[in-house]
Amino acid sequence: MKGDYKKYFKLQIELSKKVILKNSLSRINTVAGVDVSYVERVKKAFATIVIFSYKNLEIIEKRYHISDINFPYIPGLLSFREIPPLLKCIKKCKIDPDLFICDGQGIAHPRGIGLASHLGLILNKPTIGCAKKKLVGSFIPPPQNIKSWSPLWYKDKFIGGVLRSKIKVKPIFVSPGHLMDVYTSIEIVKNLITKYKLPEPTRIADKYTGEVKRNYLG
DNA sequence: GCGACAG
DNA sequence: ATCTTGTCGC
């Protein structure tokens, strides 16, 4: 029945109980950025993953996967649209990254299980959500100082950070996905930012996605 | 009813 | 996400 997504809501509520908000990383060697873009005209999803060395942000592996779109975009249910393509893409990697950065929310979600949290649970890996826009929560705009941030609150819970990744640009929304905590997620994203709004993993994965798409369309 | 609403 | 032109600012 069109518009009936109760089963997905229920699944999210059950999955959210399994999310672990505790940093499980003692040392980070590799970090991956994942992204998905779409072309409705041909009903295709373009997923990419770019893996970097955490220390010097050097690209050490990149993969992509093109698949059919089989779930619509519905705020709050993004993971059901993006995870299938991402899993096939991630499976192509030879390297198993220590951490994944997702283009979307972690626990900053109506039911506490955004794309990053859901993906982390499935992979049983640490993940961080880094979104360009807010989904839920309230906050005070962070100062203009570079890399300053303000807390993101939702239902009296501290769920993430609104980070000023670049001066005179809208801040980004960082929240832990899985096997990660709020403070650590913010600190890690700070380390992954260079001179752009988005942290390198997500920024490069997004750029790669556009490249793959252009090649496909000719 | 109204506003909000990741990609 | 995608579409889409010019335009303001460093």
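Naming convention: chains lettered A, B, ... in sequence-line order (proteins, then strands); numbering from 1 in each chain. No hydrogens, no waters, no symmetry mates; every other heavy atom, side chains included, goes into these values.
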Does the gap between the ring centers of His118(A) and Phe80(A) come in under 6.0 Å?
yes
Spacing between [X] atom [atom1] and [N] atom [atom2], to the nearest angstrom:
| X | N | atom1 | atom2 | value |
| --- | --- | --- | --- | --- |
| Tyr38(A) | dA6(B) | OH | P | 13 Å |
| Ile172(A) | dA6(B) | CD1 | C1' | 13 Å |
| Asp35(A) | dA1(C) | CG | C1' | 9 Å |

Sugar-phosphate only, base, or nothing, as touched by [X] at under 4.0 Å among non-hydrogen atoms:
| X | result |
| --- | --- |
| Arg81(A) | base |
| Gly129(A) | nothing |
| Leu77(A) | base |

Going by ring centres under 5.5 Å and near-parallel planes (under 30°), is Tyr73(A) stacked on dG7(B)?
yes
Per atom distances to the Glu82(A) side chain, the nearest of dG7(B), dC10(C), dA6(B) is dG7(B)
Testing dA6(B), dA1(C), dC5(B) for proximity to the side chain of Lys134(A), the answer is dC5(B)
Judged by each residue's nearest nucleotide on DNA chain C, which is more toward the 5′ side, Val36(A) or Lys168(A)?
Val36(A)
For the atom pair CD1 (Ile146(A)) and NZ (Lys168(A)), what is the distance rounded to the nearest 0.5 Å?
12.0 Å
Testing the 3.5 Å rule here: is there a donor-acceptor pair between the side chains of Thr184(A) and Asp181(A)?
yes
Just checking, is any N or O donor in the side chain of His178(A) or Lys125(A) under 3.5 Å from an acceptor N or O on the other one?
no
Short side-chain N/O contact to dA1(C) OP1/OP2 from Lys132(A), under 4.0 Å:
yes
